[in-house]
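In what follows, every chain begins at residue 1, and chains take the letters A, B, ... in the order their sequences are listed. Just so it is clear, the values below take in all heavy atoms, side chains as well, and ignore hydrogens, waters and symmetry mates.
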There are 2 protein chains.
Amino acid sequence: MASMSDVARRAGVSIATVSRVLNNNGKVRESTRILILKAIKELKYQPSRVAKRLRSKSVSGNLLGVLIPDIKNPFYVEVLEGIEEVAYRNNYALIMCNFGQDDQKERLYLEILQSEGIDGLIAAPAHENDLQLKKMVKEGLPVVCVDRGLKDTDVDVVLVDNVRGAFQAVEHLILAGYRRIAYISGLSTIPSSLLRERGYREALAKYGVPCDPVLVRRGDSKHQSGIQLCGELLDLPDPPDALFAGNNLITLGALEEIHRRGLKIPKDIAIVGFDDMYWSSSLNPPLTAVRQPAGEIGRRAGELLIQRINDPKRTSVQMMLNAELIRRKST
Amino acid sequence: MASMSDVARRAGVSIATVSRVLNNNGKVRESTRILILKAIKELKYQPSRVAKRLRSKSVSGNLLGVLIPDIKNPFYVEVLEGIEEVAYRNNYALIMCNFGQDDQKERLYLEILQSEGIDGLIAAPAHENDLQLKKMVKEGLPVVCVDRGLKDTDVDVVLVDNVRGAFQAVEHLILAGYRRIAYISGLSTIPSSLLRERGYREALAKYGVPCDPVLVRRGDSKHQSGIQLCGELLDLPDPPDALFAGNNLITLGALEEIHRRGLKIPKDIAIVGFDDMYWSSSLNPPLTAVRQPAGEIGRRAGELLIQRINDPKRTSVQMMLNAELIRRKST
DNA sequence: CAATGCAATGTAAACGTTTTCATTTAGAAA
DNA sequence: TTTCTAAATGAAAACGTTTACATTGCATTG
């Protein structure tokens, strides 16, 4: 691949001048600019992002990190898509790190990202108290959190009002006449699990529906946990008549288990999920769900990150988007 | 961040020696190795992948590119997941490029990847005749193609037997008694679309079922095209009694349209999709589908790529995995 | 015409590694 | 002790940029 000095030689100038026309800074005579542009075209020269990144902390290396807990989860895929959209528009490349809710993997990925000299990071940290990530924020790496915040740390975060979303879901169930409403929670180290549980409890409380502790189950946020915990609930002597599932993987798992047992939804048991998918209406039955604007979360996060890269001392913002209940046929 | 010279200074040696212990090459006395290791630990030193990549074409920079057409498509997400798994295991980071079946975006992404100095690339090219990608292969970049090959080019590729998969699907429909079988194809610039159509035709031919040209529709592989083209088919004076959908997005779209019209599956119309998802059994009705081992495709591709990086002149392989028909309730 | 100042360009260092080649060191053999 | 050899280490260049600083050229001014 041609390098800057090749261009310089061919245009009969020094690399400094070439650099100047590439970055549009410094004065350069129009005639030599043309010469250089011509050489660039002829040699199909492309600047090396690697060299650029190595050399200059001051200028952006156009590389972002994305750290997500589970790419199997359609929610994060949609977030990722949103991020990618704005990253690409701003000429940033993306290093994708899928840590699968594995602490060690997360640590290693963070090290890699640091070592890659990324300009900024969008992360859904393993938990609120992620020391390593906090440290990176402290050290000045531009970071924005999605879906999950970072305790006691001044960092941009964009997420959804989990309490309110869950509240709406459960309120909807109550108003529809259900009384034994179960909650299958994701990992309780994840803030959103707790917040959703809070919404669940608040709704029950508001309508004076007793909260039977046996009806809230906690798993690891994965598909299998939905199957397992839904099964446990259905095996109860006094099983629930409705189910609030803590995320989409859990919902899908629960759905699978309910179908396996030949139960009818919503006659035998109703279900409302947290997280909507574009194909939720094709499920059996069409799923009532709390919709997070995942794509928008990703886009907003991307925009905030790029803003912060360009203005590192901008005051941090917490952007809370609205979750919306989509009523379909499962309740 | 501490650099190698910091370590060297603290250990009282030169950077060359530090480099030697880091890469385990060259002789270094045990006592100084220990000294250096100690300094590394104390300074929390981490080598810069950027510098490493810049300096040395000979040693791997531990960076891979992934170029996929559509991250909305669960198939590619699963492939991506497989790739990520083996990449991580081998200490490679991943630059994810989602080109959305947009030629210009693909071109730009390829340029970025080149400029990032990736060690290798896994790609599902926009079409068989992707000149830019071909050129990169020719120039020696290790590449493995997934899902789609590259014409007249000596490159590793891992994919599924599309003809056979489609054949099985359509044969299954025929044996179940359906006769007016429609095919909704994806983009016809994509080899797999054509191959699946071939399987479709071969099955019809084998059983002497006439092939009504009005029953094959071609779209852009996206969700919306499934809705649209399924609608057109259903509006036909003599509509199909069964549908073979060219990929999962199309399937989901078709499903949506069928439900919107209040038609019953499979009574009014049967449907079999190409691509299975782990939640296909939760669809309404549980979907009969041709399952591609997407995760395995990704893992294999990752392994092949790393092999090739380590042995660039290894002869190229074409790995064809089996697609399997999963019978559920939609047929 | 000399002095001045600014526009245009060049030189060289720096970023953090790897790697070649040269040099020092240590231990063995004589 | 001297000499030799292999082992251990170091010096410096190179990768492809950006950038601070130096230099050149040229027009303007007095």
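At whole-Å resolution of the value, CZ in R9(A) and P in dT17(D) are 12 Å apart. Atom CD of E116(B) is separated from atom C1' of dT17(D) by 13 Å (rounded to the nearest Å). Summarising the geometry, the separation between CD on E30(B) and P on dT9(D) is reported as 11 Å, rounded to the nearest angstrom. Atom CD1 of I36(B) is separated from atom P of dA8(D) by 13 Å (rounded to the nearest Å). The nearest whole Å value for the distance from the CZ atom in R33(B) to the P atom in dA7(D) is 15 Å.
In this structure, the side chains of Q101(A) and D70(A) stay at 4.5 Å or more apart for every pair of heavy atoms. A 4.5 Å side-chain heavy-atom check between V79(A) and D147(A) finds every atom pair outside the cut-off.
Side chain of D6(A) to main chain of S3(A): a donor-acceptor pair is present (N/O by atom type, distance under 3.5 Å, no hydrogens or angles). Not one N or O on the side chain of K222(B) forms a donor-acceptor pair closer than 3.5 Å with the backbone of L249(B).
Here the CD atom belonging to Q114(B) is positioned 10.0 Å from the CG atom belonging to L121(B), to the nearest 0.5 angstrom. In this structure, the separation between CD1 on I95(B) and CE on M96(A) is 11.5 Å, given to the nearest 0.5 Å.
Note on V13(A): only backbone sugar-phosphate atoms sit closer than 4.0 angstrom, heavy atoms only; bases stay farther off. Contacts of G12(B) with the nucleic acid, taken as non-hydrogen atoms under 4.0 Å apart, involve only primed sugar atoms and P, OP1 or OP2.
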Base versus backbone protein contacts along nucleotides 14-26 of chain C [heavy-atom cut-off under 4.0 Å; B, S, -]: BBBBBB-------
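Phosphate contact (OP1/OP2 of dG10(C), side-chain N/O of T17(A), threshold under 4.0 Å): present.
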